[in-house]
Amino acid sequence: MTTTALSRPAPGRLPAGLKPLFSGWTNIAITAACTAITLWLAAKLYAWGWAEAVIHGDATACRAASGACWAFIADKFDFFVFGFIPEAAHWRVLFVLGLIAAMIAASLYRAFWGRTLLITWVVALVFAALFLQGDAFGLTPAPLRTWSGLVVTIWIAVVALATAYPLGLILALGRLSQMRAVRLLSIAWIELVRGVPLISILFLASIMVPLFLPEGIELEVLVRAQVGFTIFGSAYLAEIFRAGLQSVPKGQSEGAASLALTRWQALRLVVLPQALKAVIPAQVNTFIMIFKDTSLVLVIGVFDLLGTFKASLSDPAWLGFSTEAYVAGAVFYFAVCFGMSLYSRHLETKLSRDHQR
Amino acid sequence: MTPAAPARSRNFADLWNDAGVRKTVFQAALVACVAAVAFLLWWNASGNIARRGLEVGFAFLQRTANFAIGESVIPYSPADSYARALLAGLSNTVVVALFGCLLTTVFGVLFGVLRLSPNPFLSRLVGLYVEIGRNVPLLLQLFFWYSLCTRLSGPRQALSPLPGVFLSNRGLRLPSFVANDGLLLTVLGLAIASVVWLVLRRWAGHVQERTGQRPRILPWGLAALVLAPLAGSQLATSPIAIDVPELRGFNFVGGQEFSPEFVALLFGLVFYTTAFVTEIVRGGIQSVPKGQWEAARALGLPAQRIMRLVILPQAMRTIIPPLASQYINLTKNSSLAVAIGFPDLINISNTVINQTGQALEVIFIFMGSYLTLNLMISALMNRLNAAFAARER
């Protein structure tokens, strides 16, 4: 962008490390302006978030102080995590969160990737759902309708992925199929879902599903939201899988066929592993998108993490601390999403290195 | 559907490599399944509708809506029909999407270029913004901006970053032009000047192709740009008037008003989507091979013209397709307006469903509207893409 590469090399007055910061007057001005903005922001943030913040205390202490009211977040912390789940079941919430965290941690290691992990995930999720509800184990029941807070956010995201992943794969294969009916149905599903906002799918799930079910059968709103997310995620993942499948050279399936593998074997053993590997970054981006979008369930009356933050704002004892709540929520979502994107970058470099070897 | 599934999946494996009869059988079975499910759903729905005594059909659209809408681009009153109410919602959605796409493009290109600045401080600062913008859910961002908007002080202590611009808990007030013939003729003059400039540029291009010398057109173009609007305003009977908002009593009078909901929604959408567009623009510029820079420099082009004539046209090819999907995302995301109370299409549809109970029809209408909007955006961006596509000889 600059012409420095062409101009005569100036005698080195500046150390090489400082050159990009201080070469020329414009650059010095930019550096100064950026420093000023950063310092100003940092000072404001420090004063608000730490120096003048109230960490222990009550609402009156908070109102007297000019800084943030972290006491509000501390006071409501249990509510953010457990929501309206009965107190006797709180340990089960922690157990389920721990179980999911452990499963995610295990899934990060490529050594574990395989069929066993897949089956363990299914078993763990079914167990978690039954265990948290408690009826099946003779524990204090925590019915689905009471589920709220952090556990709902995590639960919706994880189950949406677990169900949308296979469905997306089927849709992608359907879209690439040579059978016209299969292809058209897949295309219709994918394009319809991708063409409308997620909110409208959630409305569809919350208003229309009861209408479509036979009389006497009712689904909890959480389950209906879950159905919406599965539909939504499947269409987006399908497009990514399609890109992956198309990136595998035709010679691979022809080679597999020449080894007398059936098409199903060739797909499962040769094409799919390469296709899924090729689009890992895009898959992680979709995971991030789905995780962020779980916050939309509050529009149809499910109290996820953001829902409990919003609900806590209307507590008459703690009125007027919305900024603190939203900042705390933003920090949590940022940490999770940014962590995922860092992991995706790490995988990307690692896989491309594998490829070069 | 379930009992047949295992048998079918085994067949599925064989059919995968077999053309012919079984393919047809499988497709017929699939279509039959889908039709059966659709029929079952329809059967249940019609039963439920009959049991709940709900009405069916689009007749309700003609009935009086009887509810007020906070703000609308097209004129609307509670005495108007449901169809008119939905149209008002659609117009609000379109306006938000239009302004959003425009602002997002401007800021996205600006930040994308800044992200590639050789100054590491500047590029890191933009990078920090991108990560925050991308990794925090849009809904949370909207709640945050909306809570900031409503917690601003009242009109009497309104923030005024520029003279005539007021930001208060009643929203944003901007000076506006008064529509009269002065404004009309000035805009006309501006349009004529732009056409003149375009013609001059074509002519300069032709001359350059013939002789190698590019005639200087900048002074002529600037002169046209200044003189034509001036002439227009002189010809008009009434001068251009600007309606500057001023505080009178407890609120502002005059100017253009934007509600806090609109401001928060637009700002949130732009803040969120710009982060993605910044990365798209950065990627696009970086995708242009280094040799292009070097060749352009070797021809003696200055940096700005390298960017404008060599790099950006090539970068556009990589930028436009993902940019189109960001425009579509922005349009779809504008539906989050329902969470902060801006009367967009979804918000009004929700009210209509609650009042009439005709969920099926209303959902059909708004899904169709969004699909149409998105198809229009893709069609437009495809044409733009074709214009920038490489023309190989």
Side-chain angles (χ1 to χ4, degrees), chain A residues 1-6 20-21 23 27 30-31 34-35 37-38 178-182 185 192 195-200 203-204 207-208 210-215 257 262-264 267 288 291-296 298-299 306 309-310 313 320 322-323 326-327 329-330 333-334 336-338 341, chain B residues 12-14 16-17 19 23 26-28 30-31 34 41 44-45 47-49 51 113 116-122 125 131-132 134-141 143-144 147-148 151 297 302-303 306-307 328 332-336 338-339 346 349-350 353 359-360 363 366-367 370-371 374-375:
Chain A
M1 255 170 93
T2 55
T3 47
T4 41
L6 263 189
L21 284 173
S23 63
N27 224 346
I30 291 173
T31 308
C34 290
T35 318
I37 291 175
T38 315
Q178 282 156 7
M179 290 178 275
R180 188 174 291 157
V182 177
L185 282 173
L192 268 179
V196 297
L198 172 59
I199 281 208
S200 67
F203 269 132
L204 192 77
I207 300 174
M208 303 278 275
L211 212 60
F212 281 139
L213 286 177
E215 197 191 6
T262 64
R263 291 221 21 204
W264 177 239
L267 183 72
I288 294 176
F291 183 76
K292 281 191 297 180
D293 282 342
T294 53
S295 54
L296 295 196
L298 96 92
V299 177
L306 189 56
F309 273 107
K310 196 125 194 352
L313 294 181
S322 60
T323 312
Y326 293 141
V327 167
Y333 280 103
F334 180 84
V336 175
C337 296
F338 191 59
S341 74
Chain B
F12 193 72
D14 302 335
W16 203 251
N17 49 13
K23 236 176 195 174
F26 174 69
Q27 294 192 62
L30 185 76
V31 171
V34 172
L41 292 181
N44 283 338
N48 284 332
I49 285 171
R51 211 169 301 118
V113 173
L116 287 170
S117 157
N119 188 321
F121 215 152
L122 184 58
L125 210 59
E131 292 302 348
I132 291 177
R134 285 199 306 183
N135 286 317
V136 176
L138 176 59
L139 190 62
L140 204 158
Q141 294 189 21
F143 282 148
F144 179 72
S147 80
L148 282 193
R151 280 167 58 171
R297 276 195 209 113
I306 297 181
M307 195 67 174
I328 290 176
K332 287 191 290 181
N333 283 337
S334 70
S335 59
L336 293 191
V338 69
I346 298 256
S349 302
N350 207 12
I353 291 177
L360 217 73
I363 287 182
F366 75 62
M367 283 202 160
Y370 276 103
L371 280 175
N374 291 337
L375 280 179

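In the text below, chain A, chain B and the rest are named by the order of the sequence lines, each starting its count at 1.
- Considering CG of B/Leu122 and CG of B/Leu116, their distance stands at 10.5 Å, rounded to 0.5 Å.
- For B/Ile353, the part lying under 4.5 angstrom from a heavy atom of chain A is the side chain only.
- If you measure heavy-atom distances from A/Val336 to chain B, you find no contacts under 4.5 Å at all.
- B/Leu139 contributes atom CG, which lies 12.0 Å from atom NZ of A/Lys292 (distance to the nearest 0.5 angstrom).
- The contact between B/Leu41 and chain A is made by backbone and side chain atoms together, counting heavy-atom distances below 4.5 Å.
- Contacts of B/Leu138 with chain A are absent, with no heavy-atom separation under 4.5 Å from either backbone or side chain.
- Of all the listed residues (A/Leu185, A/Ile207, A/Leu296), the one sharing the greatest number of non-hydrogen pairs under 4.5 Å with chain B is A/Leu296.
- Contact annotation for B/Asn350: only side-chain heavy atoms (C-beta onward) come within less than 4.5 Å of a heavy atom of chain A.
- Taking 4.5 Å as the limit, every side-chain heavy atom of B/Lys332 sits out of range of all side-chain heavy atoms of A/Val196.
- Per-residue heavy-atom pair counts under 4.5 Å with chain B were compared for A/Val299, A/Leu204, A/Leu306, and the maximum is reached by A/Leu306.
- Side-chain contact, A/Ser341 with B/Arg134: no donor N or O sits under 3.5 Å from an acceptor N or O.
- Side-chain contact between A/Leu298 and B/Phe143 is present, with at least one heavy-atom pair separated by less than 4.5 Å.
- Rounded to the nearest 0.5 angstrom, B/Leu125 CG and A/Cys34 SG are separated by 5.5 Å.
- No donor-acceptor pair closer than 3.5 Å links the side chain of B/Glu131 to the backbone N or O of A/Phe338.
- No side-chain heavy atom of B/Leu30 sits under 4.5 Å from any side-chain heavy atom of A/Met179.
- Looking only at heavy-atom pairs under 4.5 Å with chain A, the residue among B/Ile132, B/Val34, B/Ile49, B/Leu360 that has the most is B/Leu360.
- Of the atoms belonging to B/Asn44, heavy atoms from both backbone and side chain fall under 4.5 Å from chain A.
- Looking at B/Phe366, only its side chain comes within 4.5 Å of chain A, counting heavy atoms on both sides.
- For B/Leu371, the parts lying near chain A are the backbone and the side chain together; criterion is any non-hydrogen pair under 4.5 Å.
- Ranked by heavy-atom pairs shorter than 4.5 Å toward chain A, the options B/Val338, B/Leu336, B/Leu375 are led by B/Leu336.
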